[in-house]
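All remarks here apply to the structure that follows.
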Amino acid sequence: MTLTPLVYWAQRHEEIYLRVELIDAQNIQVHVHENVLHFRAQGHGAKGENEYEFSLEFLLPVKPQVSHKSTQRQVNVTVRKQQRGWWERLTTKERKPIFLAPDFDRWLEESDAEMEIREKEERKNRLKASRNQENQFVSLKTGFLFIYNLVQFLGFSWIFVNMTVRLFIFGKDSLYDTFYTISDVMFFCQILAAVEVLNAAFGVVRTGVIPTLIQVVGRNFILFIIFGSLEEMHNKPVVFFVFYLWSAIEIFRYPFYMLGCFDTEWKILTWLRYTIWIPLYPLGVLAEAVAVIQSIPIFDETKLFSIPLPKAIGTSISFSHVLHIYLVLMFLGLFINFRHLYKQRKRRFRTKKRKAN
């Protein structure tokens with residue numbers, strides 16, 4: 001004797017939902033043939049643990065593809081209508097089968113189903129609009145970062161190439177007029193570098209604010225205070241070494257970021273970006289420290305930036321005292337930034353090794 005399970009049904013304009021009350025169903029067979037759905041499975045139903053089956057001839061044509069999902073308590077079957085519309089009943093016979101009943105958990109009247117469709121469309125449109133806005137923001141951010149890195153790359157490349165060519169042509173003489181020939185472009189690039197601190201602070205790029213701030217403030221201090229404010233420093237060879245080491249690092253860093261704007265990578269450039277700083281960054285800090293040390297006697301002599309004290313004391317605090325403190329902070333900053341860059345390098349190449357494996 002054929003046993004039939006309890007079956008509950010509901011509909012939408014495009015789909016029929018069937019819920020078959022069968023616990024721990026196994027060997028489930030569901031298919032549609034000539035507009036008739038056939039179901040067979042083993043499980044615990046109304047008549048205990050048995051094999052259950054049923055057939056339903058639909059009122060209107062349905063698509064032959066049918067999907068089902070089994071849970072511990074039931075089997076959910078979804079059938080798609082051939083044409084979008086609302087059926088007055090499920091089967092061709094006006095009198096429904098005794099095992100079939102409405103699924104009130106999912107039941108909707110036609111007007112409610114229409115409202116559900118409109119709500120889905122509205123949610124879809126809102127989500128689409130939100131994604132469009134997000135894509136526009138991402139595109140704007142990508143364009144901004146690409147242009148910024150391109151400008152910085154061109155600026156530091158000009159500095160590096162110019163200094164290299166002048167060194168080959170003029171030899172040692174080029175060391176003494178570096179400030180007069182290069183400083184304008186270096187001023188521009190280092191002022192623009194303040195954007196990197198803002199990018200890190202506002203989350204435009206994912207990097208630490210403190211290491212970025214240390215580097216930008218440190219370089220600008222050397223450029224504007226040590227070199228820019230003291231004419232006696234303009235013809236010092238140390239200016240050449242500071243500028244050359246700065247630019248040598250940046251001509252690899254900025255093109256790496258340019259490619260990163262479009263999720264593109266050049267392996268040689270990636271290796272150089274995460275490796276070249278190891279010798280150049282400490283050498284750059286050492287050159288900056290030499291510049292600070294050379295400027296101390298000049299600040300003592302000129303009294304520039306000295307801090308006046310009350311007349312009762314009758315003296316002033318020389319700016320050179322600040323520079324002594326700055327030298328200590330400079331090497332502390334070297335430690336912080338070196339540690340940060342080393343972590344970046346380790347994380348980058350560890351990730352690459354894992355992908356390769």
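- Ring planes of Phe338 and Trp277: perpendicular class, angle over 60° (limits at 30 and 60°).
- Within a 6.0 Å sphere centred on CZ of Phe305, other residues, nucleotides and ligands contribute more than 12 heavy atoms.
- Ring pair His324/His321 is tilted by interplanar angle, where 30° to 60° counts as tilted.
- To the nearest 0.5 Å, atoms CD1 (Ile251) and CZ (Phe156) are separated by 10.5 Å.
- Applying the ring-ring contact (aromatic ring centres under 6.0 Å, His included) rule to pairs touching residues 62-93 yields His13-Trp86, sequence neighbours excluded.
- Under a cut-off of 6.0 angstrom, the local environment of OH in Tyr342 is sparse, with at most 12 non-hydrogen atoms contributed by other residues, nucleotides or ligands.
- A distance-only check finds no donor-acceptor pair linking the side chain of Ser183 to the backbone of Tyr180 [under 3.5 Å].
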For a side chain to side chain contact (heavy atoms under 4.5 Å, CB included) check, start with the C-alpha distance between Lys120 and Lys124, then their side-chain angles and the critical distance, and finish with the verdict. CA-CA 6 Å; Lys120 285 183 179 179; Lys124 184 178 178 181; over 6 Å; no
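- By the 4.0 Å N-to-carboxylate-O rule, Arg19 lies close enough to Glu21 to be salt-bridged with it.
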Let's go through Phe146 and Phe262 carefully: what are the C-alpha distance in whole Å and the side-chain angles of both, what is the deciding distance for side chain to side chain contact (heavy atoms under 4.5 Å, CB included) to 0.1 Å, and is it a yes or a no? CA-CA 9 Å; Phe146 179 80; Phe262 304 102; 3.3 Å; yes
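- Checked by atom type and distance alone, the side chain of Asn35 pairs as donor or acceptor with a backbone atom of Phe58 at under 3.5 Å.
- Heavy atoms from other residues, nucleotides or ligands lying under 6.0 Å from CD of Glu94 number 12 at most.
- Remark: Gln72 CD is loosely packed, at most 12 non-hydrogen atoms of other residues, nucleotides or ligands lying under 6.0 Å away.
- Leu332 and Ile222 sit in two unconnected hydrophobic clusters of ILVMFWY residues. Membership requires side-chain heavy atoms under 4.5 Å apart, directly or through other members.
- Note that OG1 of Thr207 is 9.0 Å distant from CD of Glu196, once rounded to the nearest 0.5 Å.
- For Phe104, the CZ atom is loosely surrounded, since the number of other residues' heavy atoms within 6.0 Å does not exceed 12.
- The cluster map of Ile, Leu, Val, Met, Phe, Trp and Tyr, joined by side-chain heavy atoms under 4.5 Å apart, puts Ile249 and Ile268 in the same cluster.
- Taking a 6.0 Å sphere around NZ of Lys96, one finds it holds more than 12 heavy atoms contributed by other residues, nucleotides or ligands.
- Grouping the Ile, Leu, Val, Met, Phe, Trp and Tyr side chains by contacts below 4.5 angstrom, directly or via other members, places Val216 apart from Leu280.
- Environment of CD in Glu301: sparse, with no more than 12 heavy atoms of neighbouring residues, nucleotides or ligands closer than 6.0 Å.
- Residue Arg84 qualifies as enclosed at atom CZ: its count of foreign heavy atoms under 6.0 Å is above 12.
- Ion pair Glu14/Lys81 not flagged as a salt bridge, since none of the NZ, NE, NH1 or NH2 atoms sits closer than 4.0 Å to an Asp/Glu carboxylate oxygen.
- One distance of note links CZ of Arg273 with CH2 of Trp266; it measures 15.5 Å at 0.5 Å rounding.
- When hydrophobic clusters are built by joining Ile, Leu, Val, Met, Phe, Trp and Tyr residues whose side-chain heavy atoms come closer than 4.5 Å, directly or via intermediates, Leu341 is grouped together with Leu272.
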Would you mind writing out the side-chain donor-acceptor pairs for residues 225-232 within the sub-3.5 Å range, not counting sequence neighbours?
{"from": "Ser229", "atom 1": "OG", "to": "Ile225", "atom 2": "O", "distance (Å)": "2.2"}

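- Both the sub-6.0 Å distance and the 45° axial angle are not jointly satisfied by Arg345 relative to the ring of Tyr274.
- Here the straight-line distance linking atom CG of Leu56 with atom CH2 of Trp9 works out to 10.5 Å at 0.5 Å rounding.
- A salt bridge links Glu250 with Arg253: at least one charged nitrogen is closer than 4.0 Å to a carboxylate oxygen.
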Given side chain to side chain donor-acceptor pair (under 3.5 Å), test Tyr281 with Asn337 step by step and report yes or no. CA-CA 9 Å; Tyr281 185 61; Asn337 268 10; 3.0 Å; yes
Determine whether Asp103 and Val7 satisfy the following criterion, side chain to side chain contact (heavy atoms under 4.5 Å, CB included), listing intermediate values before the conclusion. CA-CA 8 Å; Asp103 187 352; Val7 182; over 6 Å; no
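- Linking ILVMFWY side-chain heavy atoms closer than 4.5 Å, directly or via other members, places Ile210 and Val285 in two distinct hydrophobic clusters.
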